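Please read these numbers as outputs of a predicted model, since none were measured by experiment.
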Amino acid sequence: MSMVRQKLILTLLWWVWGLGLFALLAMISYQPAILGQDADAAWQWFLPNLTPTLMLVGAVAYVKRGGRAGAIEARGPLFLISLVVSIFYLLALTVAILSVFYSAEPLRTMRKSGLWLGPLQGLTASFLGIFFTQSAAKESNE
């Protein structure tokens, strides 16, 4: 599989899933029985958990648009690791958001999930950064 295709897969994964989570939280925000008057606190928790990595992937996709399609074959397992870690992180974030339906204190539950989401996001962003910079270096060498 070419690196261009791999980048497209990772970019679509992050943007489609990320926008889905935005829509989900927006719907939850309009349910006063779930978050009460504290919907803004839910967004203050959510945005730092998604937007840094989403913007990283989006920015790299924008900068590298129009590259040589399919010209470079990927080497090594870095794409697969990046994909698996991304899916795991996005799934963990989804579970954290959906946990508001099963908690008596939804905001406290969301905040508590930051204990494991923060390090996991750092790991995910690191793998994505390495993958995208490695593929950029290969493209410039060939």
Side-chain angles (χ1 to χ4, degrees), residues 1-36 38-103 105-142:
M1 179 184 316
S2 72
M3 284 193 176
V4 171
R5 187 176 176 111
Q6 291 174 342
K7 287 181 195 177
L8 179 64
I9 289 169
L10 286 170
T11 302
L12 287 175
L13 171 73
W14 273 92
W15 279 91
V16 170
W17 201 327
L19 292 175
L21 290 176
F22 270 99
L24 177 63
L25 190 58
M27 289 186 288
I28 292 171
S29 296
Y30 287 106
Q31 301 298 320
I34 298 172
L35 294 175
D38 293 326
D40 59 333
W43 283 98
Q44 288 171 354
W45 166 85
F46 173 71
L47 291 174
N49 280 305
L50 180 69
T51 54
T53 309
L54 187 67
M55 294 299 119
L56 168 75
V57 171
V60 172
Y62 176 77
V63 168
K64 296 310 261 176
R65 72 192 185 288
R68 294 177 298 175
I72 300 155
E73 286 296 316
R75 295 178 208 103
L78 193 54
F79 166 71
L80 185 58
I81 293 169
S82 299
L83 181 65
V84 168
V85 172
S86 291
I87 291 171
F88 185 73
Y89 178 74
L90 289 167
L91 187 59
L93 185 57
T94 303
V95 168
I97 292 171
L98 292 175
S99 70
V100 302
F101 293 111
Y102 305 103
S103 175
E105 298 180 50
L107 289 174
R108 186 171 185 209
T109 302
M110 289 173 104
R111 285 188 198 110
K112 194 182 289 188
S113 69
L115 296 172
W116 42 272
L117 282 174
L120 187 55
Q121 182 185 32
L123 178 70
T124 303
S126 296
F127 276 110
L128 287 168
I130 293 168
F131 171 76
F132 280 109
T133 57
Q134 178 195 47
S135 61
K138 286 181 184 175
E139 287 173 358
S140 65
N141 288 336
E142 297 196 14

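- Note that CG of Leu123 is 11.0 Å distant from CD of Gln121, once rounded to the nearest 0.5 Å.
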Output a table of donor-acceptor pairs, distance under 3.5 Å, between side-chain atoms of residues 106-115 and any protein atom two or more places apart or on a different chain; print 'none' if there are none.
unit_1 : atom_1 : unit_2 : atom_2 : d
Thr109 : OG1    : Ser103 : OG     : 2.6
Thr109 : OG1    : Glu105 : O      : 3.1
Ser113 : OG     : Met110 : O      : 2.5

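- How far OG1 of Thr51 is from CG of Leu47: 5.5 Å, rounded to the nearest 0.5 Å.
- Between Ala42 and Leu35, the shortest heavy-atom contact is CB-CD1, 3.8 Å.
- By the ring-ring contact (aromatic ring centres under 6.0 Å, His included) test, Phe46 is found to be paired with Phe22, Trp43, residues two or more places apart in sequence or in another chain being considered.
- Expressed to the nearest 0.5 Å, how far CG of Leu24 lies from CD1 of Ile28 amounts to 4.0 Å.
- Checked by atom type and distance alone, the side chain of Thr53 never pairs as donor or acceptor with a backbone atom of Leu50 at under 3.5 Å.
- Of all non-hydrogen atoms in Gln31 and Met27, the two that sit nearest each other are CG-O, 3.4 Å.
- Between Ile130 and Thr133, the shortest heavy-atom distance links the atoms O-OG1, 3.2 Å.
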ask   = Please walk me through it: do Phe132 and Leu56 pass side-chain contact (heavy atoms from CB on, under 4.5 Å)?
value = CA-CA 10 Å; Phe132 280 109; Leu56 168 75; 5.7 Å; no

Which donor-acceptor pairs under 3.5 Å do the side chains of residues 78-100 make with protein atoms, sequence neighbours left out?
unit_1 : atom_1 : unit_2 : atom_2 : d
Ser82  : OG     : Leu78  : O      : 2.9
Ser82  : OG     : Phe127 : O      : 3.3
Ser86  : OG     : Trp14  : NE1    : 3.0
Ser86  : OG     : Ser82  : O      : 2.8
Tyr89  : OH     : Asn49  : O      : 2.3
Thr94  : OG1    : Trp17  : NE1    : 2.9
Thr94  : OG1    : Leu90  : O      : 2.7
Ser99  : OG     : Ala96  : O      : 2.5

